[in-house]
Amino acid sequence: MLHIGGARTALYNWLLARGSGGEFVLRIEDTDRERSTPENVDLILDALRWLELDWDEGPHSQWERRENHQAAVTELLKSGAAYQDEGAVRFRVPDEGEITFTDAVLGEVTNPYSAIADFVIQRSDGSPLYNLAVAVDDRDMGITHVVRGQDHVSNTPRQLMLLRALGAEPPVYAHIPLLHGPDGKKLSKRHGAASVQEVREQGYLPEAIRNYIALLGWGYDESTTFMTTDELVERFALERVSKNPAVFDEQKLRWMNGRYMRELPVEDLHRRLEEFCGREIPIEIVEISREKMQTLADFMPLAGALLDAPADYEPKAWEQWGDSPYLQEVREALAAADNWEPNGIETVLRRIVDQEDVKPKEVFQPLRVALTGTTVSPGIFESVAALGREETLARLDKALQKAK
RNA sequence: GCCGCCAUCGUCUAGGGGACUAGGACGCCGCCCUCUCACGGCGGAAACCGGGGUUCGAAUCCCCGUGGCGGUACCA
């Protein structure tokens, strides 16, 4: 699982690296221990790939760089910066004074040494602990920037002390605000769309996600909302990242995703819908449905009945429109229509509306229910055109049969 | 408890002493468009946590309080 918060951290790292034009190493660092098992790392990498955040996969710290960690511990022990304590190795923290570091988003952060106890850097079984492992990795892998969640601020002094004791230059630290759930608590699974895997299954587009999460904790100016990834790369700056936690708002994501779907070239949207639904879809159906969808998952409920004849009519829909005095007339008019294009169909159907002198929906809704079994579908003329004459008439006959 | 971080509409944010009767966006409400649902257009309600300073002037700077969050592990 890659939480939205993690995805945002990854995005910020990526934007920064892209913007600097240099090489970078994205260090996946999260607060849940389970997440850094090899299987979960694969899941995370897969989610990042879907988000189109490209990177070169490096070594996995705590189970692939043991020698470096061990060597550092030995060095620290030798210099007296660390000592043995019942088999474990602890780092010695001064009793007095304070340690200050400059954070790219928070500014100066100062901690008194008195608040930091001598901490374990190596377990009695010889395995390294998080703070030691990342400090050594940052040094050895030439990490220049560490961009991570604010839940790591209080680890920073420890990592800094380690780096100093090892005689290494510390990287630039940037702690971005955490994400909270709608109730103001830290974001968790029960808050709904909390992971990239989930939003993917819910039919969101990667570019919409990128745009949305970039804006969670960062804003470019007073009115810009939509930005291409190139614009994001160009404009993103750590100094402008907000210091306060944000709440993931799925409604806004939905809206934004809808906008992205509408702006996609039809062919592109068509391809993604086929992939998402796992089936072939006539492109005309996509064309007539696009302005009514906010996610890829909205497609089947909206237009599925145009793909496969509905098994049955929705009871409420049938009750209201099923038995219509105009349906027979509609059937005859359509059977005789000589122009099976949306505009030709509209002409034919509007003629009935005029002749009968009724509201348009009195004619259109019964037709819609007869064809799709529901009261909601893409535009009726377009739907009839997309269905084809044969199928349209067959479905009308079925409805007329049932109405008898 | 102790240490740290944070605090603008319900939500995401703009704002870095006068441009603020605080701007934009989502959501919400109303109107328009309309064959359903949407899309789109127009309009509206909606915020500077509280109290002290500093200053001619504070949403913006300082202090205190309050609240939220994080940390305080042989977790990451």
Side-chain angles (χ1 to χ4, degrees), chain A residues 28-36 61-62 85-90 98 103 105-107 109-117 119-131 133-134 148-158 175 177-180 182 184-186 212-226 239-240 242-256 258-259 262 289-294 298 301-303 317 321 346 349-350 353 359-369 372 374-384:
Chain A
I28 297 171
E29 185 171 321
D30 220 314
T31 53
D32 277 9
R33 175 172 36 163
E34 320 87 85
R35 282 184 212 152
S36 69
S61 173
Q62 292 195 34
D85 177 26
E86 295 179 9
V89 179
R90 282 185 189 275
E98 53 187 35
D103 186 284
V105 348
L106 298 175
V109 179
T110 302
N111 286 75
Y113 282 127
S114 60
I116 309 172
F119 55 97
V120 175
I121 54 178
Q122 187 179 75
R123 296 184 183 88
S124 41
D125 69 0
S127 60
L129 269 91
Y130 165 78
N131 279 307
V134 296
R148 64 213 326 188
Q150 272 185 19
D151 47 346
H152 283 289
V153 284
S154 44
N155 283 324
T156 310
R158 290 174 239 270
H175 291 94
L178 262 17
L179 246 33
H180 288 177
K185 304 290 182 198
K186 193 180 173 184
Y212 178 72
I213 64 181
L215 258 19
L216 230 36
W218 174 77
Y220 176 59
D221 62 16
E222 59 181 48
S223 59
T224 307
T225 301
F226 289 92
E239 297 68 42
R240 286 187 59 83
S242 158
K243 294 178 186 169
N244 28 352
V247 174
F248 179 79
D249 180 5
E250 191 172 356
Q251 287 194 112
K252 188 162 184 174
L253 209 212
R254 281 189 71 84
W255 165 79
M256 194 172 252
R259 290 277 303 254
R262 266 168 263 130
S289 306
R290 61 188 328 208
E291 69 180 23
K292 299 175 190 300
M293 300 185 282
Q294 289 191 306
D298 288 344
L302 175 73
W321 303 106
E346 176 165 10
L349 293 177
R350 292 228 185 255
V353 171
K359 288 188 172 176
K361 67 159 71 164
E362 296 294 326
V363 174
F364 300 154
Q365 282 299 73
L367 173 57
R368 172 170 277 119
V369 172
T372 67
T374 76
T375 55
V376 177
S377 82
I380 193 67
F381 318 124
E382 292 80 2
S383 295
V384 169

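Everything numeric here is computed off the predicted structure, so don't read it as measured data. Within every chain, numbering begins at 1; the chains are lettered A, B, ... in the order of the sequence lines, protein sequences first and strands thereafter.
Checking B/rC20 for Watson-Crick or G-U wobble geometry (two distances, each under 3.5 Å) identifies no partner in any strand. Across the strands present, B/rC9 finds no partner; the criterion is a Watson-Crick or G-U wobble pair with both atom distances under 3.5 angstrom. As the counterpart of B/rA59, no nucleotide is assigned, since no Watson-Crick or G-U wobble pattern has both distances under 3.5 Å. Nucleotide B/rC49 forms a Watson-Crick or G-U wobble pair with B/rG65, both donor-acceptor distances falling under 3.5 Å. Summarising the base pairing, B/rC33 is matched to no nucleotide, lacking a Watson-Crick or G-U wobble pair whose two defining distances lie under 3.5 Å. Searching all strands for a Watson-Crick or G-U wobble partner of B/rU72 with both distances below 3.5 Å returns B/rG1. B/rA14 makes up no base pair with any nucleotide shown, lacking Watson-Crick or G-U wobble contacts both under 3.5 Å. Pairing for B/rG27 is absent, judged as Watson-Crick or G-U wobble with the two contacts each under 3.5 Å.
Residue A/Asp151 places no side-chain atom within donor-acceptor reach of the base of B/rA76, judged by atom type and a 3.5 Å distance cut-off alone. Applying the 3.5 Å distance criterion, the base of B/rC3 shares no donor-acceptor pair with the side chain of A/Ser154.
Using P as the reference atom, B/rC64 and B/rA7 are 16 Å apart when rounded to the nearest Å. Taking atom C1' on both nucleotides, B/rA59 is separated from B/rG23 by 13 Å, rounded to a whole Å. B/rG51 and B/rC56 have their C1' atoms separated by 23 Å, given to the nearest Å. Rounded to whole Å, the P atom of B/rC62 lies 48 Å from the corresponding atom of B/rC31. Comparing the P positions of B/rG30 and B/rU72 gives an interatomic distance of 50 Å, to the nearest angstrom. Nucleotides B/rC26 and B/rA19 are separated by 27 Å at their C1' atoms, to the nearest Å. To the nearest whole angstrom, the two C1' atoms, one in B/rU11 and one in B/rA46, are 12 Å apart. Rounded to a whole angstrom, the distance from the C1' atom of B/rU54 to that of B/rG18 is 16 Å.
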Would you list the protein and nucleotides 28-35 of chain B atom pairs, both N or O, that sit under 3.5 Å from each other?
unit_1	atom_1	unit_2	atom_2	d
B/rC35	OP1	A/Arg350	NH1	3.1
B/rC35	OP1	A/Arg350	NH2	3.0
B/rC35	O2	A/Arg368	NH1	3.1
B/rC35	O2	A/Arg368	NH2	2.8
B/rC35	N3	A/Ile380	N	3.3

Provide a list of protein-nucleic acid N or O atom pairs under 3.5 angstrom, restricted to nucleotides 12-19 of chain B.
unit_1	atom_1	unit_2	atom_2	d
B/rC12	OP1	A/Val247	N	2.9
B/rC12	O2'	A/Leu215	O	2.8
B/rC12	O2	A/Lys252	NZ	3.3
B/rU13	OP1	A/Gly217	N	2.3
B/rG15	OP1	A/Arg240	NH1	3.0

Interface polar pairs with nucleotides 38-42 of chain B, N/O, under 3.5 angstrom:
unit_1	atom_1	unit_2	atom_2	d
B/rA38	O2'	A/Glu291	O	2.8
B/rC39	O4'	A/Glu291	O	3.4
B/rC39	O3'	A/Arg262	NH1	3.2

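In this structure, a donor-acceptor pair under 3.5 Å is present between the side chains of A/Arg368 and A/Gln365.
As judged by a 4.0 angstrom heavy-atom cut-off over every strand, A/Arg254 is placed among residues making no nucleic acid contact. Across all strands, A/Thr224 comes closer than 4.0 Å to no nucleic acid atom at all (heavy-atom distances).
For the pair A/Pro112 and A/Val376, both in contact range of RNA chain B, the more 5′-proximal nearest nucleotide belongs to A/Pro112. Judged by closest nucleotide on RNA chain B, A/Asn111 is the one of A/Val120 and A/Asn111 placed further toward the 5' end.
In this structure, the side chain of A/Arg240 engages the main chain of A/Tyr220 through a donor-acceptor pair within 3.5 Å. The backbone N or O of A/Val153 sits less than 3.5 Å from a side-chain atom of A/Thr156, completing a donor-acceptor pair.
Summarising the geometry, atom CG belonging to A/Asp85 is positioned 5.0 Å from atom CZ belonging to A/Arg90; distances are rounded to the nearest 0.5 Å. Considering CG of A/Leu215 and OG1 of A/Thr225, their distance stands at 6.5 Å, rounded to 0.5 Å. Here A/Leu216 contributes atom CG and A/Lys252 contributes atom NZ; the two are 9.0 Å apart, rounded to the nearest 0.5 Å. Here the NE2-CG distance, from A/His180 to A/Asn244, works out to 10.0 Å after rounding to the nearest 0.5 Å. To the nearest 0.5 Å, atom OH of residue A/Tyr130 and atom CG of residue A/Asn155 are 5.0 Å apart.
Across A/Arg123 and A/Pro128, no two heavy atoms sit closer than the pair NH1-O, 3.4 Å. Contact record, A/Asn111 with A/Val109: OD1-CG1, 3.8 Å, taken as the closest heavy-atom pair.
A/Gln150 meets the side-chain hydrogen bond (donor to acceptor under 3.5 Å, both in side chains) test with no other residue; sequence neighbours excluded. Taking the salt bridge (Lys or Arg N to Asp or Glu O under 4.0 Å) definition, one finds that A/Arg290 meets it with nothing, sequence neighbours left out. Applying the salt bridge (Lys or Arg N to Asp or Glu O under 4.0 Å) test to A/Glu362 and every residue at least two apart in sequence or in another chain returns nothing.
Closest contact between the side chain of A/Asn131 and the listed nucleotides B/rA76, B/rA25, B/rG70 involves B/rA76. Considering only the side chain of A/Arg123, B/rA76 comes nearest among B/rG70, B/rG4, B/rA76.
Distance CG (A/Asp103) to C1' (B/rC6): 13 Å, rounded to an integer number of Å. Rounded to whole Å, the distance from CD on A/Gln122 to C1' on B/rA73 is 16 Å. What separates NE2 of A/His180 from C1' of B/rG70 is a distance of 8 Å, to the nearest Å. Summarising the geometry, the separation between CZ on A/Arg158 and P on B/rG70 is reported as 16 Å, rounded to the nearest angstrom. For the pair A/Phe119 CZ and B/rG71 P, the interatomic distance rounds to 17 Å; values are reported in whole Å. Separating the NE2 atom of A/His175 from the P atom of B/rG71 is a distance of 12 Å, rounded to the nearest angstrom. At whole-Å resolution of the value, NZ in A/Lys243 and P in B/rU8 are 13 Å apart. A/Tyr113 has its OH atom 19 Å from the P atom of B/rU72, to the nearest Å.
A/Arg254 has no carboxylate O lying under 4.0 Å from a charged side-chain N of A/Asp249, or vice versa, which leaves the two without a salt bridge.
Residues A/Trp218 and A/Tyr212 place their aromatic rings such that the two centres sit no closer than 6.0 Å.
Once the 5.5 Å centre distance and the 30° plane angle are applied, the aromatic ring of A/His152 is found not to be stacked with the base of B/rG71.
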